[in-house]
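Just follow the structure's listing: the first ligand is 1, and inside any ligand the first atom is 1. Treat the numbers as computed from the prediction; the structure is a model and nothing was measured.
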Amino acid sequence: TFVVTDNCIKCKYTDCVEVCPVDAFHEGPNFLVINPDECIDCTLCEPECPINAIYPEDDVPAGQENFVALNADLAKSWPVITERKDGLPDAKDWENKPGKLDLLQR
Ligand code: SF4
Ligand code: F3S
């Protein structure tokens with residue numbers, strides 16, 4: 001499965017959601033996750049993210065292994081998103097800032 005990682009938090013550009021053939025993306029207030037029960041590893045979403053927040057589960061950035069379980073967990077309660085929308089208002093300011101997990105809203 002593919003996994004959304006830290007860099008998406010507080011940016012949420014949503015370019016990733018429209019290419020998914022199985023509607024695996026789920027949306028929270030300031031982050032998206034991929035449902036591992038739906039993802040078929042098509043790889044289409046990975047290059048769509050302008051800030052490279054999506055990785056295969058066995059290749060997430062060092063220190064972000066916890067995002068694998070986090071995606072699975074949050075996908076259970078967050079609604080599916082299939083249409084692109086604008087990124088968060090101050091997304092530009094948060095691009096590539098490390099360690100945004102403490103700012104995740106559930
Ligand atoms: Fe959807 Fe493919 Fe991305 Fe999995 S890899 S979340 S199936 S677009
Ligand atoms: Fe997040 Fe990138 Fe998608 S910022 S919403 S993973 S396009």
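The contact set between ligand 1 and Phe2, taken as ligand atoms under 4.0 Å from a residue heavy atom, comprises 5 (S). Close approach to Thr14 involves these atoms of ligand 2, each under 4.0 Å from a residue heavy atom: 3 (Fe), 5 (S), 7 (S). Each of the following atoms of ligand 2 lies closer than 4.0 Å to a heavy atom of Leu32: 5 (S). Within ligand 2, the atoms closer than 4.0 Å to a non-hydrogen atom of Tyr13 are 4 (S), 5 (S), numbered from 1 in the order shown. Using a 4.0 Å cut-off to heavy atoms of Cys42, the atoms of ligand 1 that qualify are 2 (Fe), 5 (S), 7 (S), 8 (S). Under a 4.0 Å criterion applied to the non-hydrogen atoms of Cys49, ligand 2 contributes the atoms 2 (Fe), 4 (S), 6 (S), 7 (S). Which parts of ligand 2 touch Ile54 is read off a 4.0 Å heavy-atom cut-off, strictly below it: atoms 6 (S). Below 4.0 Å from some heavy atom of Asp15 lie the following atoms of ligand 2, by number and element: 7 (S). Atoms of ligand 1 lying under 4.0 Å from at least one heavy atom of Val22, given by number and element, are 7 (S).
A donor-acceptor pair under 3.5 Å links the side-chain atoms of Lys100 to the main chain of Ile9, judged by distance alone.
Taking a 4.0 Å cut-off on heavy atoms, Glu48 fails to register as neighbouring ligand 2.
Between the CD atom in Glu27 and the NZ atom in Lys12 there is a gap of 3.5 Å [rounded to 0.5 Å]. In this structure, the separation between CG on Asn30 and CZ on Arg106 is 10.5 Å, given to the nearest 0.5 Å. Between Asn71 atom CG and Trp78 atom CH2 the span is 8.5 Å, to the nearest 0.5 Å. If you take CD1 on Ile40 and CZ on Phe2, they are separated by 11.0 Å, rounding to the nearest 0.5 Å. Rounded to the nearest 0.5 Å, atoms CD1 (Ile54) and SG (Cys45) are 4.0 Å apart. Rounding to the nearest 0.5 Å gives a distance of 11.5 Å between SG of Cys16 and CD of Glu46.
The residue Asn7 has no part lying near ligand 2, judged by heavy-atom distances below 4.0 Å. Only the side chain of Ile51 comes within 4.0 Å of ligand 2, judged by heavy-atom distances. When non-hydrogen atoms are compared, ligand 1 lies under 4.0 Å from the backbone of Thr43 (N, CA, C, O) but not from its side chain.
Inclusion of Cys16 in the first shell of atom 3 (Fe) of ligand 2 is supported: an N, O or S atom falls under 2.8 Å. In summary, no N, O or S atom of Cys20 is located under 2.8 Å from atom 4 (Fe) of ligand 1. In summary, no N, O or S atom of Cys39 is located under 2.8 Å from atom 3 (Fe) of ligand 1.
The hydrophobic cluster containing Phe31 does not contain Leu88, counting ILVMFWY residues as joined when their side-chain heavy atoms lie under 4.5 angstrom apart, directly or transitively. Both Leu101 and Val60 are assigned to one and the same hydrophobic cluster, defined by single-linkage of ILVMFWY side chains at heavy-atom distances under 4.5 Å. With hydrophobic clusters built from ILVMFWY side chains whose heavy atoms lie under 4.5 angstrom apart, Val33 does not share a cluster with Ile51.
Under a cut-off of 6.0 angstrom, the local environment of CD in Gln105 is crowded, with over 12 non-hydrogen atoms contributed by other residues, nucleotides or ligands.
For atom 3 (Fe) of ligand 1, the closest non-hydrogen atom on the protein side is Cys45 SG, 2.3 Å. Nearest to atom 1 (Fe) of ligand 2 among the protein's heavy atoms is Cys8 SG, 2.3 Å.
Under the 3.5 Å distance criterion, with hydrogens and angles disregarded, no donor-acceptor pair is assigned to the side chains of Gln64 and Asp6.
Nearest to atom 7 (S) of ligand 1 by heavy atom, out of Asn35, Ile34, Ile40, is Ile40.
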